[in-house]
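Report on the following structure.
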Amino acid sequence: QVQLIESGGGLVQAGGSLRLSCAFSGRAASLYAMAWFRRGPGEERVFVAQASWSGGGTSYADSVKGRFTVSRDDTKNTMYLQMDSLKSEDTDVYYCAAGVGGLTWERDVEYWGQGTQVTVSS
C-alpha cells in the first residue's frame, strides 16, 4: 500500500527556517502529483504548495509565495518543503499529499501522510 511519511517539523523562531520532507513508498512517486497542505482553522485542510513532477511545475498558496519552496526528488521518492521567513501564523500541522490529478483541494487528494507539527514562536 501507499504510505507518505512527513518529517522535519519542529519549533523555530519567527524569521527562521525549516525543511520538511515527505517519503513516498508503495508506488513510484513519479506517477503522482504531490503537494503540501496544512490543517488550517476549519474542517477542510488548506493547500500550501504543489509539485507536479520532478523538474516540472510548482504552485503555491498566496500566503506562502516567496517564502516557501516545494521540490521533489523522484529518484529518492521524496518531496520537500523549504520554509523560510517563517511567521507565527505558519504554525500548524503540515500534511504530505499525493494524487493523480491537481491537488489544490482536499477532495482531490488520494493519499495523505499523518502530518508533522510546525510551531513558529514569536
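Small disclaimer: the values here were computed from a predicted structure and weren't measured.
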*Distance-only, no hydrogens or angles: does the Gln3 side chain make a donor-acceptor pair with backbone N or O of Ser25 under 3.5 Å?*
no
*Could you check Tyr95 against Arg38 for side chain to side chain contact (heavy atoms under 4.5 Å, CB included), going step by step and ending with a plain yes or no?*
CA-CA 6 Å; Tyr95 298 90; Arg38 55 193 182 191; 5.7 Å; no
*Side chains of Phe68 and Gln82: closer than 4.5 Å at any heavy-atom pair?*
no
*Mark yes or no: Arg19 above the aromatic ring of Tyr80, with NZ or CZ under 6.0 Å from the six-membered ring centre and no more than 45 degrees from the axis.*
yes
*Could you go through the side chain to side chain contact (heavy atoms under 4.5 Å, CB included) check for Cys22 and Met34 one step at a time?*
CA-CA 9 Å; Cys22 172; Met34 299 181 71; 4.0 Å; yes
_Once rounded to the nearest 0.5 Å, what's the spacing between atom CG of Leu4 and atom CZ of Phe24?_
5.5 Å
_Testing the basics here: between Leu18 and Val118, what is the closest heavy-atom pair and its distance to 0.1 Å?_
CD1-CG1, 3.8 Å
_For Arg72, is there an ion pair with Asp74 - N to carboxylate O distance below 4.0 angstrom?_
yes
*Lys/Arg N to Asp/Glu carboxylate O, Asp62 vs Lys65, below 4.0 Å*: yes
*Which pair of heavy atoms, one from Glu110 and one from Gly99, lies closest together, and at what distance?*
CB-CA, 4.1 Å
*Calculate, to the nearest 0.5 Å, the distance between atoms OG and CG belonging to Ser17 and Leu86 respectively.*
6.0 Å
*Quick one: closest heavy-atom pair of Ala35 and Met79, and the distance?*
O-CE, 3.3 Å
*Where do Gly115 and Val93 come nearest, in terms of heavy atoms and distance?*
CA-CG1, 3.8 Å
*asked:* Are more than 12 heavy atoms, taken from residues, nucleotides or ligands other than Gln13, located less than 6.0 Å from that residue's CD atom?
replied: no
*asked:* Grouping I, L, V, M, F, W and Y whenever their side-chain heavy atoms are under 4.5 Å apart, do Tyr94 and Tyr111 come out in a common cluster?
replied: yes
*Would Phe37 and Phe47 count as a close aromatic pair, with their ring centres under 6.0 Å?*
yes
*For residues Thr116 and Leu20, determine if any side-chain heavy atom of one lies less than 4.5 Å from a side-chain heavy atom of the other.*
yes
*Any chance you could measure Glu44, atom CD, to Trp105, atom CH2, to the nearest 0.5 Å?*
6.5 Å
*So how far is it from Arg67 CZ to Ser85 OG, rounded to the nearest 0.5 Å?*
7.0 Å
*Please report the closest heavy-atom contact between Leu103 and Ala33, naming both atoms and the distance.*
CD1-O, 3.2 Å
*Kindly give the heavy-atom pair with the smallest separation between Ala98 and Val109, and that separation in Å.*
O-CG1, 3.8 Å
*Establish, from distance only, whether the side-chain atoms of Asp73 and Thr78 form a donor-acceptor pair under 3.5 Å.*
no
*Roughly how far apart are Glu6 CD and Trp112 CH2, rounded to 0.5 Å?*
9.5 Å
_Tell me whether Glu43 at atom CD has more than 12 heavy atoms from other residues, nucleotides or ligands lying less than 6.0 Å away._
no
*Please check if the side chain of Tyr60 supplies one atom and the backbone of Val70 the other of a donor-acceptor pair under 3.5 Å.*
yes
_Let me confirm one number: the CE-CG distance from Met83 to Asp90, rounded to the nearest 0.5 Å._
7.5 Å
*May I ask you to check if Arg27 and Tyr32 form a cation-pi contact, with NZ or CZ under 6.0 angstrom from the six-membered ring centre and within 45° of the axis?*
no
